[in-house]
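First listed ligand is number 1; within each ligand, the first listed atom is number 1. Scope of the values below: all heavy atoms of this structure, side chains included, with no hydrogens, waters or symmetry mates. Counting from 1, the numbers follow the sequence of the chain as shown.
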Amino acid sequence: MKIIDLRSDTVTLPTPRMRKAIFDAELGDDVFEEDPTVRRLENIAAEIMGKESALLVTSGTMGNLVSILTHCRRGDEVILGDLSHTFLNEVGGISALGGIHPHTVKNLEDGTMDLSEIESAIRSDNIHYPRTRLICIENTHNRCYGSPLSVKYTNEVCDLARKYNLKVHLDGARIFNAAVALNVDVKDLTRNVDSLSFCLSKGLSAPVGSVVCGTAEFIKEARRYRKMLGGGMRQAGIIAAAGIVALEDMIPRIKEDHDNARLLAEGISQIPELCIDLDKVKTNIVYFDLATDKISSEELLKRMNEKGIKFLSTGPNRFRMVTHYGITQEDIRITVETLKKVLIL
Ligand SMILES: *Cc1c(COP(=O)(O)O)cnc(C)c1O
């Protein structure tokens with residue numbers, strides 16, 4: 001039985017060209033900064049993002065942690081969305097390992113935070129308060145329907161930060177999905193932020209890795225924190241080789257994932273037992289709700305799983321499906337048909 005795995009775009013497997021690049025990679029010890037393939041990846045990534053410098057890290061979680069540790073000292077405060085991945089899904093690393101205090105601001109359904117609420121969250125100079133150092137934004141916003149944040153909004157956050165002498169970090173795990181959905185150069189979304197981290201291992205389909213980008217000075221310091229966290233890897237060109245292919249080959253095909261997500265969402269909208277807001281589907285993430293009490297979420301997941309279709313439950317009666325490399329239009333058709341069959345109650 002063919003498995004259609006829609007749990008996440010992290011389940012993607014390396015392409016044949018990635019496997020070949022891994023096999024052929026020229027290697028060295030990257031802790032000595034002597035791995036030519038890692039260097040190449042970092043140079044390419046910095047160039048694409050319009051930043052001076054870049055650093056390969058093990059994961060998106062490490063990318064955000066290294067970046068936030070580099071911006072903040074113990075006891076400093078970071079403003080971030082209450083539905084942000086860093087706040088919800090990164091094991092509280094910034095607090096546990098950095099002593100950095102999270103100050104959450106409500107995420108709106110489009111993944112933004114109200115600018116005036118961000119401004120209100122910025123601390124004044126008062127002996128009772130931690131010092132605000134950093135604002136984090138997430139693009140695309142995972143929990144907010146995979147929404148892309150616009151260039152305009154990004155720049156407004158950066159302007160606000162500058163006014164208060166704060167830094168901005170962009171969690172761009174799926175920044176290319178945002179650029180493709182908005183039809184802009186990715187640089188337009190990264191130009192004014194101080195740092196960003198993006199994943200090679202999601203929509204771009206590389207097996208491992210994320211990249212942090214920023215000024216040369218920032219990346220030099222981030223390299224120390226990466227080492228501190230145990231992320232100094234040796235012949236990491238094995239990983240970087242696939243990352244280079246990811247950046248060379250995989251960006252133009254992201255549109256296919258968005259088209260498939262749209263097709264999936266439209267199919268789901270035709271099923272009376274399910275409920276979806278089609279307007280919210282803008283990238284490769286599709287959230288929908290169970291709109292009947294004749295079947296439980298667990299039972300729906302179980303029955304679909306038995307038919308080889310995997311996806312996640314992300315809340316009471318709420319599900320998430322993510323399209324990615326390896327998921328075809330035909331898979332989407334099968335998924336919708338199977339949902340219909342399983343929901344004949
Ligand atoms: C997946 C994800 C991360 C973390 O990436 P890992 O590589 O899984 O650690 C960070 N931010 C967002 C928005 C994500 O979706």
Any carboxylate oxygen within less than 4.0 angstrom of a Lys/Arg side-chain nitrogen, looking at Lys163 and Asp159? no
Lys/Arg-Asp/Glu bridge criterion (N-O < 4.0 Å) met for Glu33, Arg223: yes
Could you list the atoms of ligand 1 found under 4.0 angstrom from a heavy atom of Glu90? 10 (C), 11 (N)
Distance under 4.0 Å to a non-hydrogen atom of Ser59: what atoms of ligand 1 satisfy this?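 Close to Ser59: 7 (O), 9 (O).
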How close does the nearest protein non-hydrogen atom get to [atom], and which residue and atom is it?
atom: atom 1 (C) of ligand 1; answer: Lys202 NZ, 1.3 Å
atom: atom 9 (O) of ligand 1; answer: Thr61 OG1, 2.6 Å
atom: atom 11 (N) of ligand 1; answer: Asp171 OD2, 2.6 Å
atom: atom 5 (O) of ligand 1; answer: Gly60 CA, 3.3 Å

Looking at ligand 1, does any of its N/O atoms fall within less than 3.5 Å of an N/O of [X]?
X: Ser210; result: no
X: Thr140; result: no
X: Glu138; result: no

Min side-chain heavy-atom separation [X]-[Y] under 4.5 Å:
X: Phe198; Y: Met49; answer: yes
X: Glu138; Y: Leu83; answer: no
X: Leu204; Y: Ile254; answer: yes
X: Phe218; Y: Glu52; answer: no

Examine distances only and state if a side-chain atom of Arg318 and a backbone atom of Ser313 form a donor-acceptor pair shorter than 3.5 Å. no
Hey, is Thr86 touching ligand 1 through its side chain, its backbone, both or neither, going by heavy atoms under 4.0 Å? neither
